[in-house]
Visitor: 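Pasting a structure here, questions to come.
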Amino acid sequence: MTAVMEKADASTRTGDVPSFDVTIRVRRFNPESAGESGVESRWDEFHITAYGTDRVLDALHKIKWEHDGSLTFRRSCAHGVCGSDAMRINGRNRLACKTLLKDVNPDKPITVEPIKGLPVVKDLVVDMEPFFASYREIMPFLITNGNEPTKERIQSAEQRERFDDTTKCILCAACTSSCPVFWTDGQYFGPAAIVNAHRFIFDSRDDGAQQRLEVLNDKEGVWRCRTTFNCTEACPRGIEVTKAIQEVKRAMITRAF
Amino acid sequence: MPTAQGGTLYRGREGMWSWVAHRVTGFAIFFFLLVHVTDTALVRVSPEAYNAVIGTYQTPLMGLGEAGLVAAIVFHAFNGIRIILVDFLAKGPRYQRVMLWIVLGLFVVTMAGFLPRHLMNVFGGQ
Amino acid sequence: MTNATHGTPAVAERVGTLDAPRSPYVRKKTTRGNYELYSWVFMRASGVVLVVLVFGHLFVNLMVGDGVEAIDFAFVGGKWTNPFWQVWDLLMLWLAMIHGTNGLRTIINDYAERDVTRGVLKGLLYLAFTIVVVLGTLVIFTFEPCPAGADPELLASFCTA
Amino acid sequence: MITHQYDVVIVGAGGAGMRAALESSTEARTAVISKLYPTRSHTGAAQGGMCASLANVEEDNWEWHTFDTVKGGDYLVDQDAAEIMAKEAIDAVFDLERMGLPFNRTPEGRIDQRRFGGHTRNHGEAAVRRACYAADRTGHMILQTLYQNCVKQDVEFFNEFYVLDLITDRDLATEDVEEGAEVNATGVVAYDLATGEIHVFQAKAIVFATGGAGKIFKTTSNAHTLTGDGMALAYRRGLPLEDMEFFQFHPTGLAGLGILLSEAARGEGGILRNAEGERFMERYAPTIKDLAPRDIVARSMANEVREGRGAGPNKDYVLLDLTHLEPAHIDAKLPDITEFARTYLGIEPYTEPVPVYPTAHYAMGGVPTNVAGEVLRNGHDVVKGLYAAGEVACVSVHGSNRLGTNSLLDINVFGKRSGRSAAAYAKTASFIDLPEDPATRVEAQLTELRERPEGERIADIRRALQETMDANAQVFRTGESLNRALADIRELRKRYENASVQDKGKMFNTDLLEAVELGFLLDIAEVTVVGALNRKESRGGHYREDFPDRDDANYMQHTMAYRRPTAAADEADGHIAGYFDHVEEFDGYKVVLGSKTVTQTRYEPMERKY
Ligand SMILES: Cc1cc2nc3c(=O)[nH]c(=O)nc-3n(C[C@H](O)[C@H](O)[C@H](O)COP(=O)(O)OP(=O)(O)OC[C@H]3O[C@@H](n4cnc5c(N)ncnc54)[C@H](O)[C@@H]3O)c2cc1C
Ligand code: HEM
Ligand code: SF4
Ligand code: F3S
Ligand code: FES
């Protein structure tokens, strides 16, 4: 199968996929190359040829597969559903597999860096443990009292809709690592944990809302959010993250007063 | 702050920059307030002392500083209201950007009302 | 599919060092309780009130009459003989100081990561808060608009009565 | 080398692995080893639904579901297994709901259901609403829900650990172990990506749940990490692989990219059209049209393109038309896949039809197991302590063609079953000593790859493999094309022996792991092609243009492919269960093809018409 890109203008009607040259600047870090002054990171620049539907992930693959095999990044699904490849592209957090090169101005070098606020392990790979630890702390599972029904629990379509937005989270950490508050001391639970708490707090079947609100009432909990909206802008799933955080805050206030 | 160890600046959008501005203005106002209360306290010392200090507020340099301060307060106040609306209106987060433009609009209007008069007072007199 | 134009990176430049990888993660301590909640609510409530107070203050001081030119001992004295302005300024002082101090506390918490630094900075902050609030309160309440022996020229007109 | 000991070790943290872990971790000390963070597993990419005859919206029962599964699989399905799956489907769905999965709801607040390809009322009368779903994110919700419950149960995970070898007490790959003799699985060897350290896990029971192998093809809906590891590991240790020639090509992949647009798009009313705008499925499957099973739709599409009715500048795709659906309906039911069309092709599905073409999607075959999840080492003997579930396994509920929504069901039903069996077995069994140096093979392999000073790039070999597979072993196959593919694969094997990796480091060396994965892909591609060559008929997902008809007399049999050293293979020919054939010796080994009887209970094979 040939790659296909149907575009309105006649020049591409021939079936030839237009190609263009692009420069990728990647922030490199090799933990095993200790110099005199400790382990250094550096910028590497690569020039590659890309096509209309190529994503940043394709570019990284091209670099890895044709230029420098040691370039290291995570990826799996390649279409924005597994959450492996959140990284900072031209200064903003995005998924490499969901960002088309032609949409990030390929005329200038495209910079690619690891996400911020989590320890870098190698090149674009960061240690995700702190992120998942926060996630685990908010009890991300259905908590119910009373007897299990023999069939399903009843939930109206409206009740289901109430928390739909936050069920979409793929735990990619784009939000948390875009949050200026998270960058400071890394103690803040971060938007992703709150999003996942929200998913249960507003689920009509769940009885654990009080416990989760208690957890997030922590000094490092929701109150650290300064509504900077970086998380909402960064979320590749289009989740209204800040809105979810506000809803959790309001639930806490209602509970306290 | 949006710089990292060696990395590039995070290219946040309106939300992030308005927060930076809010923080910077809050910080500035606080320190001004420390000074302002202290100098006002001089009224307890003697009218001469107070007038001497307050007199410096009337120099052009301080006049400009004062304009900056008012600008800081005006922005901080309007943006503060925006933050509150974002917090308490269900649709707040969705309209945060629009509200920021409104804040900036009001800021310009307010400053347009204040600045000419103030500057005239500072530079115009005698 | 693509043409390799380079076998090695064309440009390599060095930037700063990074944190140790896989640094162990611990949330320092859990500090639950409604303190942050109240402080958050207070920031908003005081903000709303402060808008009125501060704008009123600025308006009267800078816009009415001759603006900043008109501010002198007499002006202030004239204002504080009126209990209305006394309460106004007192409220403004307290709210602004608590609001601002609490705001600065947040900022310190954000950027000062070491416990010692945090402690020192907050100590200074609270000290400044106390001094300023006490001083300001005293001034507003113990203010003497027509101090004996002062040059009557400098005083409010009603002092000569 | 670091050694661990667990009662149960589960390899893979996708739907099947975590479902098994939820069962076994309450009963036995369990570790889950996964090369990805659990929530990155490809189960999360599944979109359309998971079917169960809940009859929440219309009359339905598990017998109809069994029938559809059997017929959909072109009668190569083991009917006892299909029956179990259809029956236990109902509880599997309720289990998930009770764990918190947010299914879409009916107006009464019950789990909503929708139509899906091949699922019918009363043995084929008309399409039935059987697929339970959560928008077009059903797999995502399943994966998240299972992970959430693993967090709740405090399941122990070893994330970003690659299992690279299986340890058994008798080496089936080289020894000729007689039928009936006891063989035990005793552990696995894993590689910690972050540190480059080798870990040996000794276990009483091991569950393989490593998912599929779509990356043997170029155009695929599968993740980069679906490289058939579990299948290849078992195969290398001398276990057979069952029915590998049956690979499903999903009709609606985004043209050129392979990214999947769920069958739910057609379930919700989407229509396939050729360049002339004709609804061509009316010609191929007059009754259920666009909702015919995948093999039929994929072939019909490929045929339209072959006969020159394809759309686009190169006439090499067809169109999926959703424009007659209400935008609000699309947003509610198909939000993600329409987003894919917008993001990746810049097509607005509200107003424009979406270019689609079949994409390699699902391996029907795999490691043979029985309905308890126990792995078979021939037609009937099990390997003690070894289990498999999910796409890596072949219980044969899918036969020669899986019905949409039956895989999410499979991973839940058989994931649960294998988790239970493993824990129960671990309770009675004791640890068996590992060999002196359990990690030698892995260490040797890695050292060799890492230290080979220079050689061809791994990526070039992989690309060549994927291209030959797409060209020669896709929707349409012939003896000639398959022979070409086999020759290519063997040449690539030679090249692989001289390939090298550029990254020589220890920490996070993904370059090295890609090289190891390519080795798996080569093995899997080879068995797939060998099986396809041998099966001189057309059935389900396997279509031979040179043998276009189904041939029940000769081929109503499961294929069991074994890799044996030439000498052993020559001897084995005589007594391999249901000997079919073998392929020419290559590099000191032969692929020997045996067979296994298809279990038929209620349904006699019939001609498959829709
Ligand atoms: C795009 C798409 C859409 C689909 N839609 C549907 C649908 O609507 N309905 C349906 O029923 N089915 C659908 N399927 C099929 C179904 O999703 C999969 O068959 C099923 O999810 C496989 O689950 P699994 O648990 O077997 O494997 P996976 O979820 O793929 O998990 C494999 C696990 O094994 C681990 N692993 C692999 N190799 C190793 C190793 N060497 N060492 C350690 N760990 C390893 C991985 O880390 C991963 O955790 C779809 C498939 C795709 C690709
Ligand atoms: C005039 C009316 C004012 C309004 C409406 C207002 C509003 C607010 C609000 C809502 C916040 C909280 C921001 C957040 O949580 O993200 C805030 C923070 C702050 N305010 Fe004010 N404020 C006002 C006046 C002042 C004054 C007079 C001072 C100085 C003494 C001040 C100093 C601060 C500081 C330092 C912060 C913390 C900023 C941060 O954490 O980023 N504010 N203000
Ligand atoms: S909320 Fe969005 S950005 Fe954050 S982890 Fe989830 S999917 Fe990623
Ligand atoms: S970026 Fe951070 S500050 Fe709040 S709105 Fe998002 S969590
Ligand atoms: S690779 Fe899965 S989200 Fe990008």
Side-chain angles (χ1 to χ4, degrees), chain B residues 1 4-8 22-24 26-38 40-52 54-55 57-58 62-63 66-67 69-70 73-74 76-81 83-85 87-88 110 113-114 117-122 124-126, chain C residues 14-19 40 43-45 47-48 50-51 54-55 58-59 62-63 65-77 80 89 93 96-97 99-101 103-104 106-107 110-111 125 128-129 131-133 135-136 138-140 142-147 149-151 153-155:
Chain B
M1 281 283 147
Q5 342 90 319
T8 64
H22 193 83
R23 180 158 273 198
V24 169
F27 194 84
I29 303 168
F30 181 79
F31 282 97
F32 167 78
L33 195 62
L34 291 190
V35 176
H36 184 54
V37 173
T38 322
T40 308
L42 289 174
V43 294
R44 271 301 282 146
V45 180
S46 76
E48 288 82 358
Y50 179 74
N51 283 358
I54 219 66
Y57 279 112
Q58 285 143 5
M62 286 306 280
E66 187 135 282
L69 179 76
V70 170
I73 295 180
V74 170
H76 188 93
F78 287 159
N79 192 52
I81 301 290
I83 295 175
I84 296 170
L85 293 178
D87 289 333
F88 293 104
T110 314
F114 164 77
R117 235 205 94 93
H118 178 73
L119 293 179
M120 230 143 70
N121 282 335
V122 173
Q126 287 95 12
Chain C
R14 295 182 139 201
V15 285
T17 52
L18 290 162
D19 296 346
W40 186 89
M43 287 307 268
R44 272 128 255 262
V48 173
L50 276 171
V51 173
V54 171
F55 277 81
L58 289 177
F59 191 73
L62 302 180
M63 297 293 284
D66 292 332
V68 78
E69 287 286 290
I71 299 181
D72 59 8
F73 186 86
F75 176 84
V76 179
W80 281 346
D89 282 4
L93 172 73
M97 280 309 289
H99 178 104
T101 305
L104 246 78
T106 316
I107 300 181
D110 277 358
Y111 301 120
L125 177 67
F129 171 82
I131 294 175
V132 169
V133 167
L135 192 69
L138 280 177
V139 169
I140 293 173
T142 63
F143 176 68
E144 175 52 73
C146 312
D151 179 356
E153 276 288 290
L154 302 174
L155 303 185

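Below, chains carry the letters A, B, ... as their sequence lines are ordered, and counting in each starts from 1.
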Visitor: Quick one: which of C/Ile107, C/Ile140, C/Thr106 has the most heavy-atom pairs under 4.5 Å with chain B, could you say?
Guide: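 Answer, by heavy-atom pair count under 4.5 Å with chain B: C/Ile107.
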Visitor: For the CZ atom of B/Arg23 and the CG atom of B/Asn79, what is their distance to the nearest 0.5 Å?
Guide: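 The distance works out to 13.0 Å.
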Visitor: Out of curiosity, B/Thr110 OG1 to B/Phe78 CZ, how far, rounded to the nearest 0.5 Å?
Guide: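 These two atoms lie 3.5 Å from each other.
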Visitor: Between B/Phe31 and B/Phe27, what is the ring plane arrangement, given parallel below 30°, perpendicular above 60°, and tilted in between?
Guide: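 Aromatic pair B/Phe31/B/Phe27 classed tilted.
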Visitor: Looking at chain B, which one of C/Thr101, C/Leu138, C/Val133 has the largest number of heavy-atom pairs inside 4.5 Å, strictly under?
Guide: C/Thr101
Visitor: For the interface with chain C, which of B/Leu34, B/Val74, B/Ile83 has the highest count of heavy-atom pairs at distances below 4.5 Å?
Guide: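 Result: the option with the highest number of such pairs is B/Leu34.
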Visitor: Considering only heavy atoms, which portion of C/Val132 lies under 4.5 Å from any heavy atom of chain B: side chain, backbone, both, or neither?
Guide: both
Visitor: Is there a side-chain contact between B/His36 and B/Leu69, using heavy atoms and a 4.5 Å cut-off?
Guide: no
Visitor: Output, in order, the C-alpha distance, side-chain angles, deciding distance and verdict of side chain to side chain contact (heavy atoms under 4.5 Å, CB included) for C/His99 and B/Phe30.
Guide: CA-CA 9 Å; C/His99 178 104; B/Phe30 181 79; over 6 Å; no
Visitor: What part of C/Phe55 is in contact with chain B, defined as an atom under 4.5 angstrom from a non-hydrogen atom: side chain, backbone, both or neither?
Guide: side chain
Visitor: Is C/Met43 in contact with chain B via its backbone, its side chain, both, or neither, using a 4.5 Å heavy-atom distance?
Guide: neither
